[in-house]
Amino acid sequence: MIASEITRVSVLMAVHNGEAYLPEALDSLLAQTLRDFELVIVDDASTDGTAAVLEAYTARDARVTVVRNEKNSRLAASLNRGLERCRAGLVARADADDVYAPERL
């Protein structure tokens, strides 16, 4: 990977059954004034519509990467798995049920 392809910030999120709140959280993250970031999301074996929501966002925005756990691994293990996929030297944490101010990053 060449230097120009490395993002400034990786935003790391883990979600389990977050369908109800996830779109609002993702919309607020993707609307950040800082555009040079990646969003790494670990779907922790959700059983609701979370996977479909994430699939729609990955199709719409190349900054979104989704990792899926086959079984529920809980928050800490999911975040550690996602951290392995983060490319930036700076990692920000996000939760699937939060709405973020436009200048958070």
Side-chain angles (χ1 to χ4, degrees):
M1 178 176 301
I2 60 175
S4 63
E5 293 178 352
I6 298 174
T7 60
R8 290 176 60 190
V9 179
S10 293
V11 179
L12 175 59
M13 175 187 290
V15 58
H16 177 73
N17 292 341
E19 176 186 18
Y21 304 103
L22 194 55
E24 189 173 12
L26 295 177
D27 287 342
S28 69
L29 281 166
L30 295 174
Q32 292 293 298
T33 55
L34 176 73
R35 307 293 297 162
D36 186 17
F37 69 93
E38 67 175 348
L39 178 53
V40 177
I41 306 168
V42 179
D43 178 0
D44 193 17
S46 295
T47 57
D48 64 356
T50 295
V53 171
L54 294 174
E55 184 177 319
Y57 278 85
T58 57
R60 174 173 114 190
D61 196 312
R63 295 176 293 173
V64 180
T65 300
V66 176
V67 178
R68 289 190 173 84
N69 290 342
E70 293 299 316
K71 63 178 183 137
N72 184 264
S73 300
R74 310 285 298 206
L75 182 62
S78 295
L79 291 174
N80 283 333
R81 185 166 186 220
L83 190 57
E84 293 173 356
R85 298 290 297 269
C86 292
R87 298 179 296 154
L90 180 62
V91 177
R93 266 278 291 123
D95 289 314
D97 62 350
D98 292 338
V99 176
Y100 302 93
E103 295 182 358
R104 176 175 185 243
L105 298 180

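Only this structure's heavy atoms are used, side chains among them; waters, hydrogens and symmetry mates stay out.
One N or O on the side chain of D48 and one on the backbone of T50 form a donor-acceptor pair closer than 3.5 Å.
Heavy-atom minimum distance, R68 versus R81: O-NH1, 2.9 Å. Here the closest heavy-atom approach between residue E19 and residue P23 is recorded as O-CD, 3.3 Å. The nearest pair of heavy atoms linking R93 to A14 is NH1-N, 4.4 Å. Residues R35 and Q32 approach most closely at CD-O, 3.4 Å, considering heavy atoms. The two residues H16 and A45 come nearest to each other via the heavy atoms CE1-O, 3.6 Å.
I41 forms part of a hydrophobic cluster together with V9, V11, M13, V15, L22, L26, L29, L30, L34, F37, L39, V53, L54, Y57, V64, V66, L90, Y100, L105, judged by ILVMFWY side-chain heavy-atom separations under 4.5 Å. Through direct or indirect side-chain contacts shorter than 4.5 Å among Ile, Leu, Val, Met, Phe, Trp and Tyr, V40 is connected to L12, L75, L79, L83, V91.
The 12-atom threshold is exceeded at CZ of R104, counting heavy atoms of other residues, nucleotides or ligands nearer than 6.0 Å.
Under the side-chain hydrogen bond (donor to acceptor under 3.5 Å, both in side chains) criterion, E38 pairs with S10, R87, sequence neighbours left out. The side-chain hydrogen bond (donor to acceptor under 3.5 Å, both in side chains) test applied to D44 returns N69, N72, S78, not counting sequence neighbours. For T65, there are no side-chain hydrogen bond (donor to acceptor under 3.5 Å, both in side chains) partners at least two apart in sequence or on another chain. Remark: S46 engages D43 in a side-chain hydrogen bond (donor to acceptor under 3.5 Å, both in side chains) (not counting sequence neighbours).
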